[in-house]
Amino acid sequence: MDIKNEVSRRRTFAIISHPDAGKTTLTEKLLLFSGAIHEAGAVKNNKIRKTATSDFLEIEKQRGISVATSVMTLDYTGMRINILDTPGHKDFAEDTYRTLTAVDSVILVIDSVKGVEEQTRKLMEVCRMRATPVMIFINKMDREGKDPFDLLEELENELKIAACPYTWPISNGSRFKGVFNLSTESIQLYNTGKNNLPEMFLNTRDIEDPLLKEHIGETNLTNLWEEIALAIDLFESFHKNLYREGYLAPVFFGSALNNFGIPELFETFLKIAPPPSGSKTLERVVLPEENVFSGFVFKIHANLDPNHRNRMAFLRVCSGRFERNKMYYHTRLGKKMRFAAPASFMANDTNMIEEAFPGDVIGLYDTGKLKIGDTLTEGESLHFTGIPSFSPEILKEVVNKDPLKTKQLEKGVMQLTDEGLAQLFVQQPGNIKIIGTVGELQFDVIKFRLEHEYGAKCDFRALPFVKACWLTSANKQKINEIIGRRAGTIAFDKSNTPVFLAESDWMLKIVKQAHPEVQFHNSSEYKAQIKTSNTDYE
Ligand code: G4P
């Protein structure tokens, strides 16, 4: 088996968006277009629907179903494409951020009516941190949205990326007809055809084609040429290298619901999106073409079957060939492990696989030995980096409601936070446990799971903090100073890194000024992965 060949034909990416921009619809249309699914609904039905916060059980149920769509693998014209799904619900944003550590590129969906939204900005921040190549799909062009020039400017200003129009919309709202492709200098006009698939009824490079006037109208056509000339003047032209370096984002216009602009997006994606490349570890850069296998865990899905407490760990293969039943080295535990039933996913199916290659994401059934950030190799002691945890926005103290079950509570809190459900910080004196999340929903989930899986009872006490910043300094003395002077607002994460808990951005600014030699970070690496003992829960 030629690993190089397997690497070069793989494309692993995520479709991301602010909730409701059209991520689910676009994913489904790409799957339909590629022939991976044959009827609409397969992805849509698995979407975590908007539910009242209190109804977290329903959300957990839906989340359970959506395990099968966590990764969608499809083959198209000799390429192996892995689409990593990200939860749309904003309370699961942390899950989405981590999924971005396992992709080689992303497609960002923007609603043409709403433009850049809160979650879009946060997601782009994570992409920028990792210099992930980004393609942008401006969706819902069938609605009376913002002007395309304004949208492109907004993307540049708010997302801090050079926007390069790759296609240009022909009108919008009810007059939206199709797109002009600036790369091929051709026009594609669409209809929705059989089986709800896009039907291109005109694809021409001849600007005198009489059908153009007939379908677009003379005035609209004149406007189109003027707009395109201006767009070429105002925005960067496409350069594959700049895109792959994460500096420039090609922008596509369309309507996922009506299938407009999907083929341009997908075919360009296949042409320009990068295959897997080198991954950083603490020790060295691992190249995908290397003969020996390595990979890391970026997501854990628990509660597949509450009776057996089993979980599925999602592993991204970074180099070599993964084989079923082969012994692999778990670098954090210093132990060998074997996986008898590794799984791959497609729409509603989970299939056992015999092998996997760089770029692939596989599901490993686990009984609690794997944590986010864990590395598996063929024996080399490697630790993949770049799997950060981000500052939580809600912080609450765990209040033990049943002193007889303290041990169970401690174990539960440790394990649930290992899954990435929330973050754990400990404050001294008193060993106070603080849970940090990006959404309220997680507190309901933790409380419920502690009770039902560990037999422990707890409540949460609201704390006045809105942010946690990890502290570092070249001068250790300065860290000790801040810990000593601000004990009430200092806690420690699981790897014992000090964290400053801020009550407001204003307070954070004041404290930063008071401690100029200390750096305050909004994210931290999962340092827990470099521990080598197995004494965590004992
Ligand atoms: P998400 O995964 O990003 O949260 O968005 P999703 O695809 O579920 O789309 C959100 C809503 O926007 C859906 O409507 C969907 O039908 C609609 N939508 C998606 N693409 C387009 C488009 O190109 N044009 C227009 N006009 N609407 C679009 P909904 O009413 O919330 O759900 P549903 O009842 O249609 O399923």
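Indexing begins at 1, ligand by ligand and atom by atom, following the structure's order.
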S.K.: Once you round to the nearest 0.5 Å, how far does CD of Glu267 lie from OG of Ser183?
M.R.: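 Rounded to the nearest 0.5 Å, the CD-OG separation comes to 12.0 Å.
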S.K.: Salt-bridge test for Arg316 and Asp104: reply yes if a basic N is under 4.0 Å from a carboxylate O, no otherwise.
M.R.: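 Yes, this pair counts.
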S.K.: To the nearest 0.5 Å, how far apart are CZ in Arg244 and CG in Leu242?
M.R.: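 Separation between the atoms: 12.0 Å.
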S.K.: Assign the ring pair Trp225 / Phe180 to parallel, tilted or perpendicular, where the plane angle (0 to 90°) is split at 30° and 60°.
M.R.: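 Perpendicular, since the angle between the ring planes exceeds 60°.
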S.K.: For Val113 and Lys146, which heavy atoms make the closest approach, and how far apart are they?
M.R.: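 That would be O-CE, 3.6 Å.
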S.K.: Using a 4.0 Å cutoff against the non-hydrogen atoms of Lys23, which atoms of ligand 1 qualify?
M.R.: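 Taking each heavy atom of Lys23 in turn, ligand 1 has 1 (P), 2 (O), 3 (O), 5 (O), 7 (O) under 4.0 Å.
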S.K.: Could you tell me, atom by atom, which parts of ligand 1 come under 4.0 Å of a heavy atom of Ser255?
M.R.: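 Close to Ser255: 22 (C), 23 (O), 24 (N).
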S.K.: Please confirm whether Ala256 comes within less than 3.5 Å of ligand 1 when only nitrogen or oxygen atoms on both sides are compared.
M.R.: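 Indeed, backbone or side chain, Ala256 has an N or O that close.
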S.K.: With respect to Asn258, determine whether any N or O atom, backbone or side chain, lies less than 3.5 Å from an N or O atom of ligand 1.
M.R.: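 N/O-N/O distance below 3.5 Å does not exist for this pair.
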S.K.: Could you name the option among Asp142, Thr27, Asp20 that has the heavy atom nearest to atom 1 (P) of ligand 1?
M.R.: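 Closest candidate by heavy-atom distance is Asp20.
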S.K.: Show the atoms of ligand 1 that are less than 4.0 angstrom away from any heavy atom in Ser17.
M.R.: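 Checking each atom against Ser17, I get 3 (O).
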S.K.: Should the proximity of Met141 to ligand 1, defined as any heavy atom under 4.0 Å, be assigned to the side chain, the backbone, both, or neither?
M.R.: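 No part of Met141 comes within reach of ligand 1.
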S.K.: Regarding Lys122 and Glu118, does a basic nitrogen lie under 4.0 Å from an acidic carboxylate oxygen?
M.R.: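 Counted as a salt bridge, because a side-chain N and a carboxylate O are separated by less than 4.0 Å.
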S.K.: Below 4.0 Å, non-hydrogen atoms only: which portion of Pro19 touches ligand 1? Side chain, backbone, both or neither.
M.R.: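 The backbone, only.
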